[in-house]
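Input: one structure, supplied below.
Excluded from the calculations below are hydrogen atoms, water molecules and symmetry mates; all remaining heavy atoms, backbone and side chain alike, are included. Here is the naming used below: chain letters follow the sequence lines, and residue numbers restart at 1 for every chain.
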There are 2 protein chains.
Amino acid sequence: MSTAVCAVGRPRSFDMDSALEKALEVFWIKGYDGASLSDLTEAMGINKPSLYAAFGNKEQLFLKAIELYENRPCAFFYPALQQPTAYKVAEHLLQGAAESMADQNHPHGCVIVQGALSCSEAAASVKEALITKRREGELDLCARLQRAQQEGDLPDNVDPAVFARYLGTILQGMAIQATNGATQDELLQVAHLTLQNFPKK
Amino acid sequence: MSTAVCAVGRPRSFDMDSALEKALEVFWIKGYDGASLSDLTEAMGINKPSLYAAFGNKEQLFLKAIELYENRPCAFFYPALQQPTAYKVAEHLLQGAAESMADQNHPHGCVIVQGALSCSEAAASVKEALITKRREGELDLCARLQRAQQEGDLPDNVDPAVFARYLGTILQGMAIQATNGATQDELLQVAHLTLQNFPKK
DNA sequence: TTAATTTTATACCAGACGGTATAAAATATT
DNA sequence: AATATTTTATACCGTCTGGTATAAAATTAA
């Protein structure tokens, strides 16, 4: 494990997890291209050799920050998929997104959506990693909707792949809205309007 | 006018409009932060002093490229608002977005959405300009929906501001989807599903 | 106490960044 | 033909980029 302490040698003088949290915040606000190593080391309270020894390089630091992002206690996507009905899954996804993306306790929007969207060639591999994450999320949502259909929980005339893409589109759009300055209430209105149109039997 | 030819002095050896088109394409793919002056001058086929003489600086070049983007013949947003009914407005917006954002003839997505979303401090003013453009678009759509309501064209129980935000969220989400690699057909399915839920009298 | 090990801080690397000074080249006017 | 004007190409500016070599500092093991 990367956070394991070494018995021998000079002990690390910073906490890797909280340093990674700071790095995540910088990437979240500035994106991969826009976040410089100076931005990162300053926010993390360490210097560059410590960063490289602990996290590898900028790209690996970003990927580890994304991992932290997905495993945060307040991450909403995968927990929402565990709701018992398709409607409740959609409800938790949409309300979770509305609450999370305009939360005042951390940067607005979604780092997986915005971290490397239009970017330099130096960020190409990171961009691909984020695209893969977004598509995986949509595939997992699609699988959840397929299960719901088998359970008689979602009308048969609904195409799970299309509906998953539709919901994914709205979730991703909410990230932009949050960057636009939309409030939680405004995003919740979008969530409710979407749920209002949820396919009925 | 900035494209006016000067009678006196050495004539410009490149076409400003087509150079601006090339710049737009670079910004579209790489974003403001990710597009370097070398990227731009190479694509435009000119050198830096020519770029600065003709367009000011990187920021002004970006803003002029965005202006070109909005005034392209294939721009769909404002033409869609001129459709005679609220439904047709939504239809043209959604289908226009689906066709435009996954068009193989130019970069995918939307430069107004992606050009400077999460970005460095150097891009802050450009980011603000794009946020303003996105909000203005939504306000204009809201005004169009209000008119539709007055014309008895949109049910009274619909809040135009919320519905405009909902549509804006989907359009912006489609830009992300296009970057994810979604095809025109896949985006059209999202458009159709959205229209299927269009509020009825 | 010494040796081995790891992290720290500083200082540095080559290259890229946005932007510009300079002077030659190309035109219209006189 | 000479002059004024504008654009061109080259070469350069200081600053920042991601990344690293080096050596001192801090710890455990012997």
message: Using a 6.0 Å cut-off, check whether atom CD of Glu121(A) has over 12 heavy atoms from anything other than its own residue.
response: no
Side-chain contact check for Pro49(B): nearest option of dT8(D), dA26(D), dA21(D) is dT8(D)
| said: Please confirm whether the shortest side-chain N or O distance from Arg12(B) to OP1 or OP2 of dT7(D) is below 4.0 Å. | reply: yes
| What is the nucleic acid contact for Lys48(A), judged by heavy atoms within less than 4.0 Å: base, sugar-phosphate only, or nothing? | base
* Is it the case that more than 12 heavy atoms not belonging to Glu42(A) sit under 6.0 Å from its CD atom? -> no
Review point. Is the distance from OP1 or OP2 of dT7(D) to the nearest side-chain N or O of Ser13(B) less than 4.0 Å?
Key: no
Whole-Å distance, Lys58(A) NZ to dG19(D) C1', equals 12 Å
When rounded to whole Å, the CZ to P distance for the pair Arg10(B) and dT22(C) reads 19 Å
Given side chains that start at C-beta, do those of Asp159(B) and Phe163(B) come closer than 4.5 Å, heavy atoms only? no
Atom OH of Tyr52(B) and atom C1' of dC12(D) are separated, to the nearest Å, by 14 Å
Q. Can a side chain N or O of Ser38(B) be found less than 4.0 Å away from OP1 or OP2 on dC17(C)?
A. yes
Whole-Å distance, Glu42(A) CD to dG18(D) P, equals 13 Å
To the nearest angstrom, the CG-C1' distance between Leu51(A) and dG18(D) comes to 11 Å
Whole-Å distance, Glu59(A) CD to dG19(D) P, equals 9 Å
> Is the shortest heavy-atom distance from the side chain of His108(A) to the side chain of Trp28(A) under 4.5 Å?
Replying inline: no
Exactly one of Gln172(B), Glu186(B), Gln177(B) clears side-chain contact (heavy atoms from CB on, under 4.5 Å) with Thr169(A), and that residue is Gln177(B)
Is the distance from OP1 or OP2 of dC17(C) to the nearest side-chain N or O of Ser36(B) less than 4.0 Å? yes
Asn47(A) CG to dT10(C) P, in whole Å, measures 8 Å
Between CE of Met16(A) and C1' of dT7(C) the distance, given in whole Å, is 13 Å
